[in-house]
Amino acid sequence: MTPLNRNQIAWRAAQDIWDGAYVNLGVGIPSLIPDYIPKDREVVLQAEVGIIGMGPTPKPDAVDPDIFNASTQPTSFVPGGSTFDHTDSFLMIRGGHLDIAMLGAFEVSEKGDLANWNTGDPATAPSVGGAMDLAVGAKAIRVLMEHTTKDGKPRILKQCRYPLTAAHCVKAIYTSLAVIDVTPRGLVVRETIPDLDFAQLQAVTEAKLTLSPDWRVIEAPAIAVTV
Amino acid sequence: MTPLNRNQIAWRAAQDIWDGAYVNLGVGIPSLIPDYIPKDREVVLQAEVGIIGMGPTPKPDAVDPDIFNASTQPTSFVPGGSTFDHTDSFLMIRGGHLDIAMLGAFEVSEKGDLANWNTGDPATAPSVGGAMDLAVGAKAIRVLMEHTTKDGKPRILKQCRYPLTAAHCVKAIYTSLAVIDVTPRGLVVRETIPDLDFAQLQAVTEAKLTLSPDWRVIEAPAIAVTV
Amino acid sequence: MIDKQVASLEEAVAGAKDGATVLVGGFSAGDEPAALSEALLSTGARDLTIVNNGVGGLARGIAALIAAHRVRKIVCSYPRFVGGTAFASAYKSGEVALEVVPQGTISERLRAGAAGLGGFYTKVSAGTLLGEGKETRIIDGEPYVFEHPIKGDMALIGAQQADRWGNLVMRHSRRNFNPVMAMAAAVSVAQVREMVPLGHFHPDQIHCQGIFVDRVVVVDPEPKNWSARP
Amino acid sequence: MIDKQVASLEEAVAGAKDGATVLVGGFSAGDEPAALSEALLSTGARDLTIVNNGVGGLARGIAALIAAHRVRKIVCSYPRFVGGTAFASAYKSGEVALEVVPQGTISERLRAGAAGLGGFYTKVSAGTLLGEGKETRIIDGEPYVFEHPIKGDMALIGAQQADRWGNLVMRHSRRNFNPVMAMAAAVSVAQVREMVPLGHFHPDQIHCQGIFVDRVVVVDPEPKNWSARP
């Protein structure tokens, strides 16, 4: 059994973005998604800084320092791309105009509560950025994360331990081991990686899981880790 | 004694607009002001529809039907003029960014209450437009109106009879007979037309007037009535 | 591929339901997207609530909807149009209900609806006839009234140009309520004078992003009622 | 005649008072109008409250103000900057107070201040640590928190070009908080790369109208800290 690497998690999540979707990608694993969106789909990427219709990361000699994304990294426009000010950007985000926000997370609860902004460390100032706006505002929140912490502890919990970003907002979780839907009947496993049985998955998941009748195995291509 | 005509009232009010002022002009007498602003002053005119930096009314053969003011009449841009959407237009109006709104009125009270939107006639639907936004939002409200109604009844009252547009908002009143400031000590007559004595003015004014120590006579040029 | 252009006015307004709230852009009858608003006649939808700055003009658009008894209520700031009789008589007879809202409060309520806000406080209308019955709060010593968001089931707006993503550019005074109405509706439809290729617009100069626009239809700008003053 | 251009950074920030609330535009240290924010050092003003998306960068601008003990409080969404120590140590020592506000709530509170609103309700932060102590109201079955307007005594913003009326055009991602901060302050100052003649801008393509801008100063765009990424 080989867990998906970060790029493969991004690949898997990218397959579920439909043609014509308006999507915000958070930092971390979600930022890897653009490379894996099927080429026949036109997906419009938005960033908090006030840009929509972002294209690929420019080559170093083509960087325009005035075109950057919410991680303040260089980006580019595709034809049709445009900018707007912050009030319009968060009108877009908070007002339910984005189809999907793909976010990283520390923890997700079985009710879809999201914790992705604050580890409660008193030594550092808590930094929320646009996390709460996205969590409350986008039509669907999908989380991409390693299934467990570095020391093997579950991140999918009965109840989040870290301070919440927003309650009841996550619709789907893409991890290194599985794709899990958050439903009114609890967490439903839609896909798992090869050679992982359900008991093994439940063992590294605090919240109770059930297996979807449509369950299948993820067949991810081999992709090298880039970040 | 000859009362000022509508154009002369507009002329008088125009003399008090300073260089660099941002001004919204209401319908009626205020709309006549642009012709009388001293040529050495640069005054920026805004209209509710979402335009700032309006120029003169274009000649019929120069009308662009996409450039219109809040009365839906053709207007033009001066260099520096621009447009914006309605939310920004009323942010500008309500947020205290305009120096002066010059408005017509049915009635003004001695406290500076303004009634300029509704005569209480049950047969017609009351039409407020942007009147309340302007009355509440501009830094200074100046009213331009005939001193009395057509049948000689006072319009400057102890208390307005018509429904209010906003309370305590009027700072100055330019009428066919006088220029009157609304002050914490009541209505103070700053100027009167030639050959009108104070008792005559008070007789056609319900609210109590006092004469300013700086009182003087209005010396208006002869101007033909255009509307 | 994203292509929001539709071929006909009927497709443009398809799906309008009885009882729908329809936001109609434009500042007055002179720049009302009248081809769209009267296309609503073809849907058969009744009991409409129309949100507009006014009540329509002489005969086209909103006035035609009122005359055809499709309108139950109008939310506007200025329910008067010189020479217009459609609204005036429907108001007198009680057929059409009226909610008069200060002009800036209309656009702010629409923006609140668009932006996912639950409402806001404004000084405008506090202490007046239009403020009666509204929740009032003293803020920094002054009375403010609480205003609720407005959302539309459908928005019908006008623009100068569109690309296939639905990005829009408006011209001069014709911007007004159009962007905020597109933002505040579940289905937003734009009547435009011209389609341009994707990438035609400068990225910093789009007035309404395609994310807020669902359908675009080109309407011949020649008919006088669309381009002429009221 | 209106001419808002001033000759020096000192003139641009003149009048900043002790205890002032200063809105500083830009999304991050990379596009902070750093020449303006560090010009505040020349005014001697202390006990400043800075409203910004972040807490400044490595050394210039806001970071320089913090290092010089001019800042009493920061209102921001993201109080972290890789490699930056000015804020981190002032926060640890308790010298600088911190109010963390969700990014969209900052711009919305600024807009409320700019637009003369008394406050608004938003779902954002309801039921979280950042929502604690805020007035909460159930609207359509969901909890919303009440947010107050933010107004600045001074705004320091960046733009690409200005004319003598103070009309501004921003470039690409550098628009962000700059327009709304100009709108929300009593005195708004823009640091621009270039002056253009009045009438140069297309009337439909101005990002921030001169009515919101009080002073404009041209800052040589060459210094790396103004144009480079953080």
Side-chain angles (χ1 to χ4, degrees), chain A residues 27 47-52 54 63-77 81-96 113-115 117-118 120 122-137 160 162-169, chain D residues 25 27-31 53-55 74 76-81 87-88 91-92 96 98 100-108 110-111 114-115 122-132 142-143 160 170-181 183 207-208 224 226-230:
Chain A
V27 295
E48 297 92 304
V49 68
I51 186 168
I52 195 163
M54 284 183 289
V63 167
D64 179 330
D66 292 350
I67 312 177
F68 50 89
N69 63 22
S71 308
T72 67
Q73 296 303 308
T75 184
S76 61
F77 294 109
S82 66
T83 63
F84 33 89
D85 72 19
H86 237 73
T87 59
D88 276 356
S89 185
F90 281 82
L91 177 154
M92 215 177 259
I93 288 170
R94 196 180 41 231
D113 298 342
L114 172 67
W117 75 285
N118 185 346
T124 53
S127 296
V128 72
M132 288 187 179
D133 309 86
L134 283 161
V136 158
C160 291
Y162 290 148
L164 289 194
T165 309
H168 313 311
C169 63
Chain D
F27 184 73
S28 76
D31 68 322
N53 193 36
V55 289
I74 290 195
C76 73
S77 83
Y78 205 79
R80 198 178 290 169
F81 189 85
F87 170 76
Y91 174 69
K92 233 176 244 175
V96 174
L98 173 66
V100 175
V101 181
Q103 197 173 128
T105 300
I106 296 183
S107 60
E108 199 63 32
L110 289 163
R111 187 179 173 283
T122 174
K123 276 189 277 194
V124 177
S125 92
T128 76
L129 202 60
L130 295 186
E132 283 176 14
E142 290 195 78
Q160 178 74 8
M170 283 90 175
R171 188 160 181 272
H172 300 342
S173 304
R174 283 175 180 265
R175 197 175 334 173
N176 57 70
F177 285 96
N178 292 299
V180 76
M181 285 187 167
M183 294 172 181
H207 295 138
C208 183
K224 280 283 181 271
W226 157 241
S227 65
R229 313 286 337 112

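Reminder, nothing fancy here: chain letters follow the sequence lines and each chain counts from 1.
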Q: Over all heavy atoms of both residues, which pair between D:Y91 and A:T124 is shortest? Give the atoms and the distance, please.
A: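 Taking D:Y91 first and A:T124 second, the nearest heavy atoms are CE2-C, 4.3 Å.
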
Q: Just checking, any donor-acceptor pair under 3.5 angstrom between side chains of A:T87 and D:R111?
A: no

Q: Between A:D133 and D:Q103, does the side-chain contact (heavy atoms from CB on, under 4.5 Å) criterion hold? Intermediate values first, please.
A: CA-CA 7 Å; A:D133 309 86; D:Q103 197 173 128; 4.2 Å; yes

Q: I need the D:M170 CE to A:D66 CG distance, nearest 0.5 Å.
A: 12.0 Å

Q: Which bit of D:F27 comes within less than 4.5 Å of chain A, counting heavy atoms only: side chain, backbone, both or neither?
A: side chain

Q: Tell me, side chain or backbone of A:P163 under 4.5 Å from chain D's heavy atoms, or both, or neither?
A: side chain

Q: Measure distances from D:T105 to the heavy atoms of chain A and classify the residue's part below 4.5 Å as side chain, backbone, both or neither.
A: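 Both the backbone and the side chain of D:T105 come within 4.5 Å of chain A.
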
Q: Need one label for A:A125: side chain, backbone, both or neither, based on atoms under 4.5 Å from any heavy atom in chain D.
A: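 Contact with chain D is through both the backbone and side chain of A:A125.
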
Q: What part of A:I93 is in contact with chain D, defined as an atom under 4.5 angstrom from a non-hydrogen atom: side chain, backbone, both or neither?
A: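 Interface part for A:I93: neither.
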
Q: Let me know if A:A135 has heavy atoms under 4.5 Å from chain D in its side chain, its backbone, both or neither.
A: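 Looking at A:A135, nothing touches chain D.
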
Q: Which atoms form the tightest heavy-atom contact between D:S173 and A:I51, and what is the distance?
A: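 Heavy atoms only, the tightest pair is OG-CD1, 4.0 Å.
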
Q: On a heavy-atom basis, which atom in D:P102 and which in A:M132 lie closest, and how many Å separate them?
A: CG-SD, 4.0 Å

Q: For D:Q160, is it the side chain, the backbone, both or neither that has a heavy atom under 4.5 Å from a heavy atom of chain A?
A: side chain

Q: So if I apply the side chain to side chain contact (heavy atoms under 4.5 Å, CB included) rule between D:L129 and each of A:N118, A:L164, A:T165, which one comes out positive?
A: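 For D:L129, the side chain to side chain contact (heavy atoms under 4.5 Å, CB included) check succeeds only for A:N118.
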
Q: Counting only non-hydrogen atoms closer than 4.5 Å, does D:V101 touch chain A with its backbone (N, CA, C, O), its side chain (CB onward), both, or neither?
A: backbone

Q: Any idea which heavy atoms bring D:R174 and A:F68 closest together, and the distance?
A: CG-CE2, 4.0 Å

Q: Decide yes or no on side-chain contact (heavy atoms from CB on, under 4.5 Å) for D:E108 and A:F90, but give the supporting numbers first.
A: CA-CA 8 Å; D:E108 199 63 32; A:F90 281 82; 5.9 Å; no

Q: Which atoms of D:K123 come close to chain A, meaning under 4.5 Å heavy atom to heavy atom: side chain ones, backbone ones, both, or neither?
A: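 Contact with chain A is through both the backbone and side chain of D:K123.
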
Q: Heavy-atom distances under 4.5 Å only: say whether D:P179 touches chain A with side chain, backbone, both or neither.
A: side chain

Q: Which distance, rounded to the nearest 0.5 Å, do you find between the CZ of D:F81 and the OG of A:S127?
A: 12.5 Å

Q: Between A:F77 and D:H172, how do the two ring planes meet: parallel, tilted or perpendicular, split at 30° and 60°?
A: perpendicular

